[in-house]
Amino acid sequence: MKVCVVGTGYVGLTTGVSLAFLGHEVTCVDHDQAKVDMLRGGRCPIYEPGMEDLLAEAARNLTFTTSYEDAVPGADVVFVAVQTPSAADGSPDLRYLRSAAESVAQALNHDFTVVVNKSTVPIGSGNWVDAILRDSFATREDRPEGVEFAVASNPEFLREGNAIADTLYPDRIVIGSDNPRSLEVLNRLYRPIINQTFTAPTFLPRPEDANAVPLVSTDLASAELIKYAANAFLALKISYANEIGQLAAKVGADITEVARGMGLDQRIGSRFLQPGVGWGGSCFGKDTKALIATAAEYNLEMPIVKAARDVNSRQRAIAVERLQDELRILKGRKIGLLGLAFKPNTDDLRDAPALDIANSLLARGARVKLHDPVATERFRKEQPDLAPYLSETIDDVFADCDAVVLVTEWAQYLELDWSKFVGLMRSPILLDGRHVLDADRMRRLGYRYVAVSG
Ligand code: UDX
Ligand code: UDX
């Protein structure tokens, strides 16, 4: 089938490249010429494991352009995957979505095109995009005859760092539309994934337990709400582990053991119970905020979701409090942070806990040393105020430090020869922000090991 993807960010690029890999003819449009140039050269503007390999495997079905005229005409499906950042009041800022929808409508010319909201949009946006498309289409002097289109929602559930596996081997596919023809088109588009009939990429074999993928085919509003409900649930699951973690620290329990013991109950499940400095990234913060904002429009409170957010921001403050408990005085102390990206295997810094922790330490008069194995280039561009504190080497982070915090659990840090660094520190305080290091081993090596919860 012929597919157009608008926006080549984390979501759009993964969608476009994966669909091209499955054999669809895909054109990706982005208004950023530099990104398009990079992608044409086979290079990936974001750090996402496997993406350049998949780009190479899918190249013959992929085109990149800045022009909607090159991308939209003839497309059976147009995915809109532009960013939807939070506005000041917590509601998503939809200006990019509006502009993309207007541009799509100016170029539509196929007998039937499904326009899919891939961006996370407020509930009800499907209808809103439909209205924009129709208004913009109606302004065209060259309006072609016999052109029909309908809006659908097809939320993504991909985790950055795992985006390709989450797309090719998903737990489920959700499609929502009030137009049966759209559902049929999307069903056809995703059939190779639903039935798992495609040949797996060489670098990403099909998991042994991969079965046919369940398809949730529903109305527009339900599909939109599924996305928010799922992300908010994952966010509150983590916050719950963190809330219990605070009690565990008081009563002398080990939160890692508690989470393991809880998670083995299959009704609970062990994933997303990892305690620590809490969640960041582009989705959980924005989606929980948007869910609360949407509910408020209907005079509804969302106390559980609000609590999940409060607990999450408290975790970042607790990390700083733990350092203060250990060091008594933060002024003038040198503190190293290992890991800046909001989680491993991505260079994404959006709402990363490290940013809040670094700023809070600086505001208290401490000095910081910052390190990340992958995200430093992006960090320099996006965080110019914090960039002077970057360290090139791990030795430099530890040298003369009063404490080091493991903020993001990159494999590179877990595999460090930790025995080499303890002697470099002024005082060997090690705060494990993710509960991933072996506490006994670290203590044997001479560190004063502390964790966020205990
Ligand atoms: C996505 C989703 O779209 C968002 O709703 C979800 O909640 C998080 O993930 P993401 O892919 O991370 O966003 O966004 P980003 O990496 O910022 O990519 C958006 C792309 O769209 C950029 O490449 C940008 O250049 C492009 N864009 C934006 C356009 O081509 N045209 C526009 O009008 C606006
Ligand atoms: C998330 C959702 O998982 C995905 O389905 C959605 O569509 C986009 O948002 P992403 O933000 O890429 O994906 O990362 P995810 O792996 O969910 O992690 C989010 C944050 O939670 C990270 O900061 C991570 O460190 C944190 N986390 C995750 C925990 O603190 N504990 C856990 O147990 C799991």
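Because the structure is a prediction, the values reported are computed rather than measured. Order of listing sets the numbers, starting from 1, for every ligand and every atom in it.
- Looking at D32 next to ligand 1, no N or O pair under 3.5 Å apart turns up.
- For the pair R441 and Y449, the cation-pi criterion (under 6.0 Å, within 45° of the ring axis) is not fulfilled.
- Counting atoms of ligand 1 from 1 in the listed order, those under 4.0 Å from a heavy atom of V82 are 3 (O), 21 (O), 27 (N), 28 (C), 29 (C), 31 (N), 32 (C), 34 (C).
- An N or O contact shorter than 3.5 Å links H31 to ligand 1 by distance.
- Looking at Q315 and S239, their side chains never bring a donor and an acceptor atom within 3.5 Å of each other.
- Looking at residues two or more places apart in sequence or on another chain, you find a side chain to side chain donor-acceptor pair (under 3.5 Å) between D93 and R95.
- Less than 4.0 angstrom separates some heavy atom of Y96 from each of these atoms of ligand 1: 34 (C).
- More than 12 heavy atoms of other shown residues, nucleotides or ligands fall within 6.0 angstrom of atom CD in E257.
- In this structure, T8 has a heavy atom closer than 4.0 Å to ligand 1.
- Evaluation of the side chain to side chain donor-acceptor pair (under 3.5 Å) rule for E48 yields no partner, not counting sequence neighbours.
- More than 12 heavy atoms of other residues, nucleotides or ligands lie within 6.0 Å of CD1 in I268, so this atom counts as buried by the packing criterion.
- For E326 and R322, the salt-bridge test fails: no basic side-chain N is under 4.0 Å from an acidic carboxylate O.
- Here S99 has side-chain heavy atoms under 4.0 Å from ligand 1, and that is the only part of it that gets that close.
- Taking Q83 as the reference, nothing meets the side chain to side chain donor-acceptor pair (under 3.5 Å) condition, with sequence neighbours excluded.
- For the atom pair OG1 of T84 and NZ of K286, the computed distance is 3.0 Å after rounding to the nearest 0.5 Å.
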Check ligand 2 for close polar pairs with the protein: N or O on both sides, less than 3.5 Å.
from	atom 1	to	atom 2	distance (Å)
ligand 2	5 (O)	F157	O	2.9
ligand 2	7 (O)	E156	O	3.1
ligand 2	7 (O)	E156	OE1	3.2
ligand 2	7 (O)	K227	NZ	3.2
ligand 2	12 (O)	E160	N	2.7
ligand 2	12 (O)	K343	NZ	3.3
ligand 2	14 (O)	K343	NZ	2.9
ligand 2	16 (O)	K343	NZ	2.9
ligand 2	23 (O)	G280	N	3.0
ligand 2	23 (O)	F342	O	3.0
ligand 2	25 (O)	R434	NH1	3.1
ligand 2	30 (O)	R434	NH1	3.4
ligand 2	31 (N)	Q274	O	3.0
ligand 2	33 (O)	L273	N	3.2
ligand 2	33 (O)	Q274	N	2.8

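- When non-hydrogen atoms are compared, ligand 1 lies under 4.0 Å from the side chain of K35 (C-beta onward) but not from its backbone.
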